[in-house]
Every structure is written in structure tokens, then in C-alpha cells.
Amino acid sequence: MADPLLTVTSQTAPGAKRREELLRGRGQKDRASSDPQQSLQEAVSLLGSDDWELKEKGLFSIQHLAGSHSEVLLCRLREVCLALTSEVTNLRSKVSYSAIVTLGELFVTLKKDMDSEVDEVARVLLQMVSNSPEFVQKAASQTLGIMVENVTPARAMTALMDMGVKGHAPVRQCAAQLLLSLMQRIGVTKLAGTAWAERLAHVAGKLAQDCHKDTSWQHCAVSSEGMANQKAEGPSVKEPVKERNDGSKKPQATLSSSKRVKSLSDGHLLHRAKAQVTSPPAVEETELLQKLYHLLEAKGFQTRMEGVELLQDLCRTNPQLISTNIVQIFDYFVLRISDSHKKVKQRALDVLAEITGALKDALNPVIIGLVEGITKNLNSKDARVRGAAVKALEESIAHLDQVSLLKEFSYQWNHLSGQALLDVTERITVLVQWVHARSPAVVQRDALPVLWSFLENKALPVRSANVRTVATKLASALYKVMGTQLKKCAASKPAHVRESLSKMLGW
């Protein structure tokens with residue numbers, strides 16, 4: 001049976017039949033509202049409700065407005081998309097599914113007007129591809145396909161290259177298929193020789209090497225590497241044609257891009273493409289990496305511990321080898337952060353805290369798995385494991401990209417409980433001021449919903465006298481950077497939320 005994540009290309013062709021299957025409840029949208037502005041306000045308010053059925057009603061209302069009064073959505077597009085992406089991660093899978101479907105509807109109707117929202121939507125949907133019920137994964141994959149069809153290709157391509165390299169294997173597979181679809185949509189002639197093709201070759205080639213079992217990225221590497229090397233036959237859509245000046249001669253460079261794409265299925269070019277796009281490690285290094293993988297996935301806990309120790313040693317003696325192969329290494333290592341044996345888990349977290357300072361930005365491609373692994377251990381009943389997780393958390397804030405961290409903390413927050421929920425909230429508070437200086441939109445999109453969840457008195461899975469203290473610190477940090485804009489954002493919230501915020505901040 002074909003993997004549903006690998007059928008994106010065949011399922012993304014536009015057509016009423018497919019959209020009818022995906023966008024359930026769509027048949028009611030012809031009942032255009034006599035007051036669409038009021039309908040949108042009511043829909044947004046329903047999304048803030050504690051009742052999942054009311055959330056569903058709000059989501060269907062937005063779908064209907066997209067089909068009949070899209071101009072109303074355009075006026076408040078950022079607010080609507082923030083509300084929808086927040087519900088994509090809802091713990092009730094039915095609400096998550098409906099939010100994903102609604103985003104697909106917006107891409108169908110608003111098309112390139114959704115360009116500004118592509119980065120965040122792609123990030124959230126790719127995360128759902130990795131760790132969700134099968135029907136939610138399929139919906140996320142299909143909505144990503146709809147996105148690729150309807151927005152500006154360059155926007156989609158940038159988002160997929162940025163986000164696709166940071167996820168687990170299913171995420172990378174899905175991103176690879178979507179990139180292949182984009183290549184075919186744009187056309188190899190227009191892409192050939194451009195900076196886009198060069199960047200695709202770099203990203204896809206690296207992942208083809210890092211993920212030797214992931215043929216999707218290998219296919220992508222073949223296509224993009226060929227286009228990067230080929231001189232374009234006509235002018236590029238957005239980028240000037242660039243000729244290679246190094247004088248090197250490569251046998252495959254004489255093949256046309258169309259022939260390269262056509263030859264993907266036979267697999268004969270895969271190995272050679274990998275070798276051309278990225279230099280393979282030396283034989284000794286390859287053997288060392290294979291030894292590391294073997295130890296990290298061994299059955300005996302003592303052997304797995306040896307693998308953790310070997311990784312620590314390699315980070316000290318050969319950090320370049322680890323940095324170059326970071327994605328594949330972490331596919332194995334993140335399993336040890338969640339190891340069933342407490343000693344292995346604790347040691348893995350200790351090593352992670354140490355190597356984070358050494359590797360720094362090299363860890364950005366694996367930041368999703370890293371944050372997920374750390375936060376899952378914050379509620380450990382073993383004090384040593386929890387202590388190691390807290391230390392790893394602090395090291396990540398000190399050395400990794402803080403904008404990316406805030407995004408991942410916000411996403412993981414929706415899946416946490418107990419002390420871990422408060423721990424992550426405190427780290428979000430720490431990051432707010434620094435991230436706002438670089439990207440105010442990220443703070444509004446990712447940190448602000450955490451505050452609203454506290455103030456809306458939702459049934460948070462945590463019992464602690466520190467809840468109000470933690471929420472007040474977050475509110476104060478947000479008010480410090482947002483000022484009166486925080487009041488404006490609160491204006492659309494229920495009265496009890498505004499009242500609670502006012503008491504916290506002494507307004």
C-alpha cells in the first residue's frame with residue numbers, strides 16, 4: 001500500500017471532486033450572510049470558546065465566508081490565520097482536522113493573497129504530518145498540496161526548504177514531494193541555472209546524504225542538481241541565468257533537465273547525484289558514523305550508553321563530522337533522549353546540554369526534535385532526569401536560534417501538562433523581549449496565544465499555585481514589548497479575559 005505521505009503530488013491536482021471530499025461541510029456555504037462582517041466576528045469569537053463544538057461551528061463559518069465573502073477575510077487575514085493555526089494543534093483531533101481543512105479552503109479561494117501566511121502555515125502543517133492521527137496527517141498533507149498549487153511558487157519553495165529540513169523523516173518526505181511538485185509546476189527550463197535551483201541542490205543533496213533511506217530527497221537531489229548545473233534555454237521568471245565558470249566537466253551535466261527528471265524512477269542516477277551535490281565523508285568517517293548509529297540503536301542499554309558517549313567524544317574531536325551529518329545523527333540520538341532506561345535518558349540529556357554549546361547553529365535543522373525530546377522529560381518523576389532536561393533547556397536558549405525556539409516552545413506548550421507547562425511558559429517569557437526586537441510578528445503569533453490560554457480559564461492540565469505568577473510574568477513581558485497593541489489585541493477577547501489582564505497589569 002502506498003504511503004499516504006508520498007502521494008501528495010498525485011492528490012494535489014485542482015478539481016471540484018477532490019475539494020468536495022476534503023472540505024466537508026462546504027455545501028452550506030451558499031447561504032451567504034447578510035452581514036459578513038458580523039459573521040466573521042462571531043466566528044473568531046467562537047474559536048476562542050472552550051466548547052469544541054462551538055469551535056467547529058466557527059471553523060465552518062470561516063469556510064463559508066471564504067467562498068462567499070472573501071473580501072471580508074482579507075481585511076483581517078492575519079488575525080484569522082493566527083486563530084486557525086492555533087486550532088491546528090488542538091488536542092481534539094476533530095477540531096484540528098477542521099482547522100486544517102479551513103486553511104485549505106483559504107488557499108483555494110484567496111490564492112496569492114495568502115503568500116504572507118505561508119511560512120507559519122507550512123511550519124504548523126508539516127508538524128502535524130509527523131505526529132498526529134492518520135486522518136489528520138492526510139489532511140495536513142493535502143492542504144500543503146493545495147497551498148503549493150495556489151500561492152506564489154517562490155514563497156512556497158522558500159517555506160518548504162526552510163521547514164522541511166527541520167523535521168523528522170515523515171516531514172522531510174512530505175516536503176520533498178511538495179518540492180518535486182513545485183519543480184514540475186514551474187518547469188525545469190525556467191528553473192535551470194537559477195539561484196533557486198542551486199539552493200534546491202544544496203538542501204536536497206544534503207538530505208539525500210543524511211537520509212540514505214529517504215528516496216524522496218534523493219529524487220529531489222537528482223532533479224535540482226541537474227537544474228543547477230544546466231544552462232537555461234530561456235530567461236528565468238525571477239532570476240537571471242547564471243553560467244558555471246569553473247570549467248569543470250561532469251558527465252551528467254550534458255543531460256537535459258527533462259531527461260534527468262524522467263530518469264528518476266530507475267534509480268541509476270541517485271548515487272552519482274548524491275556524490276556531485278555534496279562531498280561524501282571519507283571511508284574512515286563513514287565507518288565511524290555507522291558504528292555510532294549501530295550503538296545508538298542497540299538492544300542493550302549499556303551499548304546504547306556507549307553510543308551516547310561516542311557522540312560526546314566525536315563532538316569534541318570532530319565537530320565538523322557531526323555538523324555535516326546532524327540530521328541523520330539526530331534521527332538516532334533523539335530516541336535516546338526518550339530512552340526507556342533512565343540512565344541512558346539522563347546521560348543523553350547531559351550530553352545534549354554539553355554539545356549544544358559546541359555545535360550551536362549546526363543544531364538548527366534538528367531543533368524540532370531537540371525541543372520535543374527535552375520538554376517531554378520536564379515532568380519526569382526522576383529528579384536527575386528532570387534536572388538534566390532543565391539544563392538542556394537552558395543551554396538551548398543560550399546557544400540556539402531564539403526565534404525558532406519560541407516557535408517550537410509555543411507549539412510544544414499545547415501538548416504539555418504539569419510542571420513542564422509552567423517551565424516552558426517561563427522560557428517563552430524569557431524569549432519574548434529578544435525575539436520581539438527581531439520579529440514582532442512571531443511574538444504575536446506564538447507567545448500571545450499562550451497568554452490567552454491562561455486568561456481564558458481553559459482547563460489547563462496543571463495544578464500549581466505558581467500558575468498565576470507565571471501567567472503574570474508572561475503578561476508583563478508582552479506588555480513591555482507590545483504596549484498599547486496588547487490592549488488592542490485583548491479588545492476582541494471575552495470580558496473576563498480583559499478583566500483578568502487588567503488586574504494582572506494594574507490597568
Side-chain angles (χ1 to χ4, degrees), residues 77-79 81-86 88-89 114-127 151-152 154-167 199 202-203 323 326 356-372 374-375 392-414 423-453 470-471 473-490 505:
L77 185 59
R78 171 51 59 89
E79 179 184 359
C81 286
L82 285 174
L84 291 178
T85 52
S86 178
V88 166
T89 59
M114 286 287 289
D115 279 3
S116 61
E117 310 304 321
V118 165
D119 287 347
E120 176 60 13
V121 172
R123 183 184 75 87
V124 174
L125 292 181
L126 283 170
Q127 287 175 332
V151 301
T152 301
R155 295 292 297 116
M157 191 171 291
T158 299
L160 290 171
M161 285 191 288
D162 289 343
M163 309 301 171
V165 299
K166 297 179 180 179
R199 188 180 177 196
H202 173 75
V203 173
S323 298
I326 196 70
T356 297
L359 297 176
K360 297 182 180 179
D361 290 344
L363 289 170
N364 286 335
V366 295
I367 201 168
I368 292 176
L370 184 152
V371 170
E372 182 180 358
I374 293 173
T375 55
L393 190 65
E394 294 298 334
E395 288 297 314
S396 69
I397 292 176
H399 298 289
L400 302 184
D401 179 69
Q402 294 181 326
V403 173
S404 297
L405 280 177
L406 181 56
K407 292 179 180 180
E408 298 313 319
F409 286 161
S410 176
Y411 173 76
Q412 291 299 330
W413 190 92
N414 292 286
D423 287 339
V424 172
T425 303
E426 290 179 336
R427 272 63 183 190
I428 290 174
T429 300
V430 170
L431 292 173
V432 160
Q433 183 173 359
W434 193 91
V435 172
H436 190 273
R438 286 184 58 189
S439 182
V442 171
V443 170
Q444 183 176 345
R445 182 175 61 230
D446 296 289
L448 198 52
V450 174
L451 176 63
W452 298 145
S453 294
V470 170
K473 289 181 179 179
L474 176 59
S476 299
L478 287 167
Y479 184 55
K480 183 177 181 180
V481 298
M482 296 178 65
T484 57
Q485 186 182 5
L486 181 60
K487 291 185 177 181
K488 293 179 181 178
C489 292
L505 299 176

**Student:** Would a 4.5 Å heavy-atom cut-off, applied to side chains only, mark C489 and E79 as touching?
**Tutor:**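 No, their side chains stay 4.5 Å or more apart.
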**Student:** Keeping the roles fixed (side chain from S410, backbone from L406), state whether a donor-acceptor pair exists under 3.5 Å.
**Tutor:**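 No.
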**Student:** May I have the step-by-step check of side chain to side chain donor-acceptor pair (under 3.5 Å) for E408 and Q127, ending in yes or no?
**Tutor:** CA-CA 10 Å; E408 298 313 319; Q127 287 175 332; 2.8 Å; yes
**Student:** For L451 and A471, which heavy atoms make the closest approach, and how far apart are they?
**Tutor:**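 Nearest pair, atom of L451 first, then A471: CD1-O, 3.9 Å.
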**Student:** Looking only at atom types and distance, does a side-chain atom of Q402 sit under 3.5 Å from a main-chain N or O of I397, one as donor and one as acceptor?
**Tutor:**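 Such a contact is found between Q402 side chain and I397 backbone.
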**Student:** Go through it in stages, so that I can follow the logic: the residues are E372 and Y411, the test is side chain to side chain contact (heavy atoms under 4.5 Å, CB included), and I'd like the CA-CA distance, side-chain angles, deciding distance and then a yes or no.
**Tutor:** CA-CA 9 Å; E372 182 180 358; Y411 173 76; over 6 Å; no
**Student:** Among all residues two or more places apart in sequence or in another chain, which pass the salt bridge (Lys or Arg N to Asp or Glu O under 4.0 Å) test with E426?
**Tutor:**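 With sequence neighbours excluded, E426 shows a salt bridge (Lys or Arg N to Asp or Glu O under 4.0 Å) to no residue whatsoever.
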**Student:** Is the shortest side-chain heavy-atom distance between F409 and S404 below 4.5 Å?
**Tutor:**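 Not in contact.
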**Student:** Return the minimal non-hydrogen interatomic distance between A447 and L474, and the atom names on each side.
**Tutor:**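 Where A447 meets L474 most closely, the heavy atoms are O-CD2, 4.3 Å.
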**Student:** Hey, does M482 have a side-chain heavy atom less than 4.5 Å from the side chain of L448?
**Tutor:**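 Heavy-atom side-chain distance check passes, below 4.5 Å.
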**Student:** Is any side-chain heavy atom of D446 less than 4.5 Å from a side-chain heavy atom of V435?
**Tutor:**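 SC-SC contact between D446 and V435 ruled out.
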**Student:** Locate the shortest heavy-atom distance separating V442 from K407; write the atom from each residue and the value.
**Tutor:**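 That closest heavy-atom pairing would be CG2-CE, 3.9 Å.
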**Student:** Any side-chain heavy atom of L505 within less than 4.5 Å of one from L486?
**Tutor:**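 Yes, side chains in contact.
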**Student:** Between S453 and P449 (side chain of the first, backbone of the second, donor and acceptor by atom type, cut-off under 3.5 Å), is there such a pair?
**Tutor:**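 Yes.
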**Student:** Check whether any side-chain heavy atom of L363 sits under 4.5 Å from a side-chain heavy atom of I367, and report yes or no.
**Tutor:**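 Sidechains of I367 and L363: no contact.
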**Student:** Please check: side-chain N/O of R427 versus main-chain N/O of D423, any donor-acceptor pairing under 3.5 Å?
**Tutor:**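 Side chain of R427 to backbone of D423, a donor-acceptor pair under 3.5 Å: yes, one is there.
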**Student:** Filter on side chain to side chain donor-acceptor pair (under 3.5 Å), then keep only pairs touching residues 430-445, sequence neighbours left out; what's left?
**Tutor:**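 For residues 430-445, and leaving out neighbouring residues, the side chain to side chain donor-acceptor pair (under 3.5 Å) pairs sorted by first residue read E120-R445, D401-R438, Q444-Q485.
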